[in-house]
Amino acid sequence: MHLLLHLIIAFLAFISHEHKSIAQYVPPYTSIVVPVTKHTDAAKPLYSIEIMTAYVNSLYLRANFLIDIDAPFIWHECIVQWNIYPGSCPSNTLCTSPVTCEEFQCTDVRTTYSYDHNPSCPPVTNSSTLPGWGFCTCPVNVIEPITGSCSEALLNYDEFTVSTSNGRNPFTGLYGAYPNAACVNSSSLESFPKNVTGVMAFSSSPYALPAYLFEPLKKSLALCLPSTSNSSAPGVLFVGSGPYYLIPNSNVDVRSLLSYTPLLKHPDSFGYYIGVKAIVINNKPIDITGDFSTKLSTLEPYTILRTDIYNRVIKTFSIFAIEIPLARPVTPFRLCYKTSNYLKFPNIDLSLQDGKKWTIEMANSIKQVTKDVACLAFVDGGATTEQAVVIGTYQFEDNFLVFDLQNSTFGFSSSLLKQKTSCSNFNFTITDGN
Ligand SMILES: *[C@@H]1O[C@H](CO)[C@@H](O)[C@H](O)[C@H]1NC(C)=O
Ligand SMILES: *[C@@H]1O[C@H](CO)[C@@H](O)[C@H](O)[C@H]1NC(C)=O
Ligand SMILES: *[C@@H]1O[C@H](CO)[C@@H](O)[C@H](O)[C@H]1NC(C)=O
Ligand SMILES: *[C@@H]1O[C@H](CO)[C@@H](O)[C@H](O)[C@H]1NC(C)=O
Ligand SMILES: *[C@@H]1O[C@H](CO)[C@@H](O)[C@H](O)[C@H]1NC(C)=O
């Protein structure tokens with residue numbers, strides 16, 4: 001069944017390729033688009049996208065998946081029904097088809113992915129099967145992003161549906177993607193935010209979502225995380241090279257606001273890295289000594305600095321903020337102030353490898369933790385962290401970020417608030433673009 005499906009898809013892809021060279025077919029959409037929700041009900045703030053998982057009883061079922069730009073593949077809660085032989089899926093039921101341990105994807109996912117190097121994971125075997133199915137299934141390991149514990153998952157053939165867009169509105173026209181994704185027992189999702197049932201991989205892995213999208217969706221991911229968890233003001237995520245628009249600036253393609261820096265290759269990781277040479281506080285640089293490749297993370301809530309860098313940042317920042325009275329530190333932060341007024345805080349910039357500058361506005365450097373205590377929103381990662389710097393999501397909120405996988409560059413806007421807009425300003429009114 002799934003083999004046939006894949007042949008059809010491969011055939012369609014072939015046709016659309018041929019078609020393009022003859023007729024230069026230009027579809028009405030330039031990207032796919034999904035809303036982004038900020039969740040504050042788990043152990044740390046996390047962000048999810050909403051996708052359509054199945055068409056059952058004339059309705060699309062919707063589910064929320066955490067955004068993970070580092071994950072090697074997609075995984076989510078197992079559904080109850082398996083589609084293990086033709087006709088075994090009752091009509092109007094969401095079913096999934098398992099991958100066998102004999103198929104190339106199984107070995108590929110098991111040998112190329114970073115989860116498997118985790119010491120907390122047991123070795124995988126080929127010995128499991130499903131009731132009524134004569135084949136071996138493909139168990140793989142996944143690392144649960146909140147607790148870091150390892151769970152066993154089964155690799156399957158999946159189907160996800162999302163809206164297409166011209167960068168201004170979502171269209172009524174939908175786009176289907178058919179990735180291999182793994183599924184876990186719901187007990188592995190207990191630490192997740194409420195109503196979030198999976199992890200959507202947006203890394204450079206061949207098993208992450210962008211790799212499954214066909215032309216003309218250029219392999220480019222645009223991410224705009226909201227600063228509010230108000231569900232009526234979601235952020236936005238696109239896959240596709242743009243344009244992108246945010247209200248009220250209907251004439252401004254957000255790409256015109258971006259600066260670009262190279263994405264750096266990193267062995268053994270499908271994640272994204274950029275070169276940060278220094279953290280600059282009121283024009284005083286704190287150089288990153290050693291390897292300056294900096295990881296970008298959608299699972300870490302605050303930028304993590306190796307202890308020696310963290311100490312120098314705290315010291316320099318506090319010298320420039322000497323007039324503001326200190327408050328007792330509030331975990332996980334060490335430098336807190338008695339204030340609700342950000343005017344006197346020093347500026348922070350990241351000085352990048354190629355001379356570019358990423359300005360971290362106050363909205364992204366200072367976090368108001370109570371009505372009158374504000375903290376420097378960076379954390380100490382310990383003396384021997386793998387990366388000197390890992391940039392986390394508080395520093396991404398209301399910044400427009402583009403991961404261009406084709407050209408291996410990273411685009412960033414700095415705070416959109418300065419442009420009088422925000423990540424919560426995509427116009428999600430559906431229009432008939434076709
Ligand atoms: C859970 O999320 C789905 C998808 O966004 C949504 O349709 C549903 O209403 C949510 N359920 C609850 C109880 O919030
Ligand atoms: C599982 O089966 C595949 C295909 O036969 C084989 O390549 C792989 O080595 C096996 N893995 C294990 C852990 O036995
Ligand atoms: C899911 O996990 C729970 C608790 O570990 C276990 O009792 C249950 O049998 C598991 N369900 C399946 C379908 O594996
Ligand atoms: C990569 O760069 C080329 C040339 O500048 C551009 O035409 C193309 O759109 C870029 N790719 C993406 C995904 O933006
Ligand atoms: C959002 O899009 C709809 C459909 O194009 C349009 O009618 C509406 O004016 C837009 N809203 C704003 C605030 O621009």
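Here, residue 1 is the first one in the sequence, and each next residue gets the next number. First listed ligand is number 1; within each ligand, the first listed atom is number 1.
Any N or O atom pair closer than 3.5 Å counts here, and Asn64 shares at least one such pair with ligand 1.
In this structure, Lys44 has no salt bridge (charged side-chain N to carboxylate O under 4.0 Å, His left out) partners at least two apart in sequence or on a different chain.
A donor-acceptor contact shorter than 3.5 Å is absent between the side chain of Asp158 and the backbone of Asn180. Judged purely by atom type and a 3.5 angstrom limit, Ser188 has no side-chain atom pairing as donor or acceptor with the backbone of Val184. In this structure a side-chain-to-backbone donor-acceptor pair under 3.5 Å is missing from Ser351 to Lys357. Gln387 contributes no side-chain N or O that, together with a main-chain N or O of Val389, makes up a donor-acceptor pair within less than 3.5 Å.
Donor-acceptor pairing under 3.5 Å is recorded for the side chains of Tyr157 and Gln105.
Listed by number with element, the atoms of ligand 1 under 4.0 angstrom from any heavy atom of Arg62 are 4 (C). In summary, the atoms of ligand 2 found under 4.0 Å from a heavy atom of Val124, numbered by their order in the structure, are 13 (C). Atoms of ligand 2 found under 4.0 Å from any heavy atom of Asn126, numbered from 1 in the order shown, are 1 (C), 2 (O), 3 (C), 8 (C), 10 (C), 11 (N), 12 (C), 14 (O).
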Between ligand 5 and the protein, which N/O pairs fall short of 3.5 Å?
| residue | atom | partner | partner atom | Å |
| --- | --- | --- | --- | --- |
| ligand 5 | 2 (O) | Asn169 | ND2 | 3.0 |
| ligand 5 | 2 (O) | Asn427 | OD1 | 3.3 |
| ligand 5 | 2 (O) | Asn427 | ND2 | 2.3 |
| ligand 5 | 11 (N) | Asn427 | ND2 | 2.9 |

Item checked: Chi angles and distances behind the salt bridge (charged side-chain N to carboxylate O under 4.0 Å, His left out) call for Lys219, Asp404 -> CA-CA 7 Å; Lys219 302 289 184 263; Asp404 179 343; over 6 Å; no
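Taking 4.0 Å as the cut-off between side-chain N and carboxylate O, Lys38 and Glu397 count as a salt-bridged pair.
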